[in-house]
Amino acid sequence: MSADATRKKIVALIAAETKLSPTEVVVMLEKPKQEAHGDLAFPCFRLAKTMRKAPPVIAAELKEKLFAPPLPEGLAKVEPVAGYLNFTLATDTVITDLLRQVLEQGGSYGSMTEGKGRKVVLEYSSVNIAKPFGIGHLRSTIIGAALNRVYRKLGYETISINHLGDWGTQFGKLIAAYRLWGSEYEFADNAIYDLYDLYVRFHEAAKSDPALEEKGREEFRKLESGDTENERLWRRFHDYSMRDFNRIYEQLGVRFDYLTGESFYQERMTPVIEKLDKQHLLTVSEGAAIVDLTEYDMPPCLLKKSDDATLYATRDLTALLYRKDTFNFDKILYVVGSAQKLHFRQFFKVAELMGNEWVAEQAVHVDFGWVKFSGQMMSSRAGTLIFFDDVFAKARETALEIVIQENPGMDNVDWTAEKVTIAALVFTQLKVRRNRDVNFVWEDAFSFRGATGPYLQYTHARLTSLASKYGKPLPDLSADLLLLGDEEKQVTKRLEAYPAKIKQVAESYETSFLAEYLLDLAAAINSYWQRIRIITDDEKATTARMQMAYAVRVVIADGLRLLGIEPLKRM
RNA sequence: GCCCCCGUAGCUCAGUAGGAUAGAGCAUCUGCCUUCUAAGCAGAGGGUCGCCUGUUCGAGUCAGGCCGGGGGUACCA
């Protein structure tokens, strides 16, 4: 009997006896937090009033009346404990069936077809041209890329967009700065740092020379009106920057289908503004064109400045409508920091008012908290930016030392150290709830123990080396799996939750659920590993254990890949 | 001022539709490598779950009010 059928039977029995409706019983049944309490629990507290008996008495009576031996099929134990009636399911066949399923499906275990024929657009990373990739950008990039993979696993077609910050007056300033001091720089390998330096230098100089600001604005106006020389420079800045970003994206294993940034929408905004005007949504206030949103308890959405220039709301609105036209998505996700919450609410509402009812349902701001450094905010303005390259280089040094120390004679130490470093950096971003600010602590970036990405990689490496020691091909689908003991069941049982976990991530845009799940699974197999020898002379027991270990490895590997972490074979 | 997020062990964080002694990791202390990777495992100490009131048989979880931190709040993104 399946676990589900057993559950239904319990519900039916209790409902009949207590005069509760079956749905009420279903809602009341819970999963005990502690494994010792079994698989299901029925709390009797609410019955105390109507039955006028103490909960423990009710629990004991229910057991006597409904679950006196012999127990119904599928149940191994029924026990009243402190006002609860606890059920332990007879899991023998359930667990072996589960294990067989994982072994058969391998890496596609947990894959689903629910997304088939459905399309999701994801906007993430969205870095700024001429600004080095900071630790702050990491969060959007990592979360977005992970969600992208999760949706693909569920069968969705995904379209990933890097909405580059590649337009605005800052480019005028940069051009001005370049004309002044550009000859002093080489723009070689890490040209983006030269650009950043130019930008910072311009700001410094502008403090004592206000004329520079005007110069910057003028250069931008020239750029906008199609000045070939300025366009050429803009293109160069763009290319320098992308060269660096692409290097980082490659390290992180992140790819984009489109690199359409703000400049891309430059030409496309006018029709949108015109349409808004035609629909009488636009009003002029203090010289600016706005959409009034007081009815929705929001400040007005500003779409044109008093000097006629557009704003980011104008671009984002245009982009949203353009993407709907172009891709006809079922859902669009914006992985952007929570500081922009209001901005998204505003332009989503404006799009809706334009007659796009789908927005409320399909457009989602997947917001996330700040990355703080030692409790301090990081901002380019305050000059407290931490660059990804610096963190990566430093962490990699430590990783390399450890890799060499732990694996004397291994040949691909550099590659391994890099993958371990990425795992550490990526995992710290993904394991905490999105809405929380994450505190970036240097020591954590260099820690490869405990609840970290490398811990999961290590677990995977152990299981891989175990398999090669075993020697026989795995999985062995002809093998008898019935020899799983209680210890093996405790581990195997956890695999059941994997598919639901992936769905949960997709529904909540919350990667931490998967991260937590993998940690729990790894902890279970590591604890098992320490206590029980897997390969012994007992051939049958060994086969069963190896099958379990294999299944666990497959799930860990798959989960790690979804998160963007390389499951290492050796480390 | 108004709106949003956060406040759980020394630190970083879990805590699923309210339920059983509030859980991990780091750090500290104690054990465990002649056999499958010790980047591991087992154990100890460490908590008035920011404060108050309420709802409930039962509140870290729900409601209201405070306190503290952060963000946002029309021409930056």
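Within every chain, numbering begins at 1; the chains are lettered A, B, ... in the order of the sequence lines, protein sequences first and strands thereafter.
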J.: Any salt bridge between A:E488 and A:R545, counting N to O under 4.0 Å?
T.: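 A:R545 and A:E488: salt-bridged.
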J.: Less than 4.0 angstrom between a side-chain N/O of A:R462 and OP1 or OP2 of B:rA38, yes or no?
T.: yes
J.: Are side-chain N/O atoms of A:D39 and A:T88 paired as donor and acceptor at under 3.5 Å?
T.: no
J.: Roughly how far apart, to the nearest Å, are B:rC13 and B:rA27 at atom C1'?
T.: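 That atom pair is separated by 15 Å.
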J.: It should be established whether A:K31 places a side-chain nitrogen or oxygen under 4.0 Å from OP1 or OP2 of nucleotide B:rU16.
T.: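 No, no such contact exists.
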J.: Mapping A:E262 and A:T416 onto RNA chain B by nearest heavy atom, which one lands closer to the 5' end?
T.: A:T416
J.: Treat primed atoms plus P, OP1 and OP2 as sugar-phosphate and everything else as base, then score nucleotides 3-8 of chain B 5' to 3': B for base contact with protein heavy atoms under 4.0 Å, S for sugar-phosphate contact only, - for none.
T.: -SSSS-
J.: For B:rC41 and A:Y455 - does any side-chain N or O of the residue sit under 4.0 Å from the phosphate oxygens OP1/OP2?
T.: yes
J.: Below 4.0 angstrom, N of the basic side chain to O of the carboxylate: do A:K501 and A:E516 qualify?
T.: no
J.: Measure the distance from CG on A:N162 to P on B:rA77 and round it to the nearest whole Å.
T.: 18 Å
J.: Of all residues at least two apart in sequence or in a different chain, which pass the ring-ring contact (aromatic ring centres under 6.0 Å, His included) check with A:Y455?
T.: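 By the ring-ring contact (aromatic ring centres under 6.0 Å, His included) rule, A:Y455 matches no residue at all.
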J.: Enter syn or anti for the glycosidic conformation of B:rC33, syn applying to angles within 90° of 0.
T.: syn
J.: B:rA59 C1' sits how many Å from A:F45 CZ, rounded?
T.: 14 Å
J.: How does RNA chain B read in dot-bracket, base by base from 5' to 3', with Watson-Crick or G-U pairs under 3.5 Å and | used when the partner is on another strand?
T.: (((((((..((((.....[...)))).(((((.......))))).....(((((..]....))))))))))))....
J.: Counting only N and O atoms by type, is there a donor-acceptor contact under 3.5 Å from the side chain of A:H137 to the main-chain atoms of A:G134?
T.: yes
J.: Between A:S241 and A:A130, is there a donor-acceptor pair closer than 3.5 Å when you use the side chain of the first and the backbone of the second?
T.: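 Answer holds: yes.
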J.: Hey, would you say the A:F220 and A:W167 ring centroids sit under 6.0 Å apart?
T.: yes
J.: Using whole Å, report how far CZ of A:R52 lies from P of B:rC57.
T.: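 The answer, rounded to whole Å, is 16 Å.
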J.: Would A:R217 and A:E214 pass as an ion pair if we require N to O under 4.0 Å?
T.: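 So A:R217 pairs with A:E214 through a salt bridge.
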J.: Could you tell me which residues satisfy ring-ring contact (aromatic ring centres under 6.0 Å, His included) with A:Y528, sequence neighbours excluded, listed by chain and number?
T.: none
J.: Between A:F171 and A:F237, does the ring centre distance come in under 6.0 Å?
T.: no
J.: Looking only at side-chain N and O atoms, does A:T536 offer a donor or acceptor that is under 3.5 Å from a partner on A:D538?
T.: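 There is no such pair (donor and acceptor under 3.5 Å, judged by atom type) between the side chains of A:D538 and A:T536.
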J.: Over all strands shown, is A:E30 touching base, sugar-phosphate only, or nothing at heavy-atom distances under 4.0 angstrom?
T.: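 The residue A:E30 makes base contact.
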J.: Do A:D316 and A:H343 get their side chains close enough for a donor-acceptor pair, meaning under 3.5 Å?
T.: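 Per modelled atom types, A:D316 and A:H343 side chains form a pair under 3.5 Å.
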J.: Identify whether any heavy atom of A:V403 sits under 4.0 Å from a base atom; if not, whether one sits that close to sugar-phosphate; answer base, sugar-phosphate or nothing.
T.: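 The answer is base, as A:V403 lies within the cut-off (heavy atoms under 4.0 Å) of a base atom.
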J.: Identify whether any heavy atom of A:A41 sits under 4.0 Å from a base atom; if not, whether one sits that close to sugar-phosphate; answer base, sugar-phosphate or nothing.
T.: base
J.: Checking A:T283 against A:S285: is there a side-chain donor and acceptor pair closer than 3.5 Å?
T.: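 No, because no side-chain N or O of A:S285 sits under 3.5 Å from a partner of the opposite role on A:T283.
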J.: Could you tell me how far B:rG50 sits from B:rC11 if I compare only their P atoms? Round to whole Å.
T.: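 Between the two P atoms, the distance is 13 Å.
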J.: Which nucleotide wins on minimum distance to the side chain of A:E406, given the candidates B:rA39, B:rG70, B:rC76?
T.: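 For the A:E406 side chain, the nearest candidate turns out to be B:rA39.
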J.: Base, sugar-phosphate, or nothing for A:K569, non-hydrogen atoms under 4.0 angstrom?
T.: base
J.: Measuring from the side chain of A:Q530 (C-beta onward, heavy atoms only), which nucleotide among B:rG40, B:rA20, B:rA74 has the closest atom?
T.: B:rG40
J.: For B:rG15 and B:rU55, measure between their P atoms and round to the nearest Å.
T.: 29 Å
J.: Tell me: OH of A:Y517 to P of B:rG15, nearest whole Å?
T.: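 Nearest whole value for this atom pair: 17 Å.
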J.: Does B:rA77 have its OP1 or OP2 closer than 4.0 Å to a side-chain nitrogen or oxygen of A:R315?
T.: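 True: A:R315 side-chain N/O within range (under 4.0 Å) of B:rA77 OP1/OP2.
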J.: By nearest nucleotide on RNA chain B, pick out whichever of A:T169 and A:Y458 is the more 5' one.
T.: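 Nearer the 5' end of the strand: A:Y458.
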J.: Where is the tightest heavy-atom contact between A:D414 and A:L400, given as atom of each residue plus distance?
T.: OD1-CD1, 3.7 Å
J.: Of the candidate nucleotides B:rA39, B:rC36, B:rG72, which contains the atom at the shortest distance from the side chain of A:I402?
T.: B:rA39
J.: For A:H37 and B:rA20, is the gap between ring centres under 5.5 Å while the planes differ by less than 30°?
T.: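 According to the criterion (under 5.5 Å, under 30°), yes, A:H37 stacks.
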J.: Could you check whether A:A288 gets within reach of a base, just the sugar-phosphate, or nothing at all, counting any heavy atom under 4.0 Å?
T.: base
J.: With distance as the sole criterion, do the side chain of A:N526 and the base of B:rA39 form a donor-acceptor contact below 3.5 Å?
T.: no
J.: Choosing from B:rC41, B:rC76, B:rA39, which nucleotide comes nearest the side chain of A:S527?
T.: B:rC41
J.: I need the CD1-P distance between A:I129 and B:rC76, as an integer number of Å.
T.: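 Rounded to whole Å, this separation is 21 Å.
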J.: Given atom CD1 of A:I290 and atom C1' of B:rU73, what is their separation to the nearest angstrom?
T.: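 That distance rounds to 15 Å.
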J.: Using only heavy-atom distances, determine whether the side chains of A:N412 and A:R570 contain a donor-acceptor pair under 3.5 Å.
T.: no
J.: With sugar-phosphate meaning primed atoms plus P, OP1 and OP2, does A:L85 contact a base, only sugar-phosphate, or nothing at under 4.0 Å between heavy atoms?
T.: nothing
J.: For A:D166, answer base if it contacts any base atom (sugar-phosphate contacts may also be present), sugar-phosphate if it contacts only those atoms, and nothing otherwise; contact means non-hydrogen atoms under 4.0 Å.
T.: nothing
J.: Rounding to the closest angstrom, what is the interatomic distance between B:rC62 and B:rG25 at atom P?
T.: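 One P to the other, the span is 27 Å.
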J.: Once you apply a heavy-atom cut-off of 4.0 Å, does A:A461 come out as touching a base, just sugar-phosphate, or nothing?
T.: base
J.: Residues in ring-ring contact (aromatic ring centres under 6.0 Å, His included) with A:H460, at least two apart?
T.: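 Partners of A:H460 under the ring-ring contact (aromatic ring centres under 6.0 Å, His included) test: none.
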J.: If only side-chain N and O atoms of A:S465 are considered, is one of them under 4.0 Å from the OP1 or OP2 phosphate oxygen of B:rU37?
T.: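 For A:S465, the contact criterion (side-chain N or O under 4.0 Å from OP1 or OP2 of B:rU37) is met.
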J.: Could you give the CG-to-P distance, from A:L519 to B:rG15, as a whole number of Å?
T.: 13 Å
J.: Give the nucleotide from the list B:rU73, B:rU35, B:rG40 with an atom nearest to the side chain of A:P299.
T.: B:rU73
J.: For B:rA77 and B:rC41, measure between their C1' atoms and round to the nearest Å.
T.: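 One C1' to the other, the span is 49 Å.
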J.: Nearest of B:rA77, B:rG72, B:rA74 to any side-chain atom of A:L302?
T.: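 In terms of side-chain proximity for A:L302, the closest of B:rA77, B:rG72, B:rA74 is B:rA74.
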J.: Which part of the nucleic acid does A:P55 contact within heavy-atom distance under 4.0 Å: base, sugar-phosphate only, or nothing?
T.: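 No contact.
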J.: What nitrogen or oxygen pairs link the protein and nucleotides 22-31 of chain B at under 3.5 Å?
T.:
unit_1 : atom_1 : unit_2 : atom_2 : d
B:rG25 : O2'    : A:A451 : N      : 3.2

J.: Got a donor-acceptor pair under 3.5 Å from the side chain of A:S285 to the base of B:rA74?
T.: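 A donor-acceptor contact between them is present.
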J.: Distance check needed: B:rA59 C1' versus A:K33 NZ, whole Å only.
T.: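 Atom-to-atom, A:K33 to B:rA59, this comes out as 11 Å.
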J.: What nucleic acid atoms does A:M571 come within less than 4.0 Å of, heavy atoms only: base, sugar-phosphate, or nothing?
T.: base
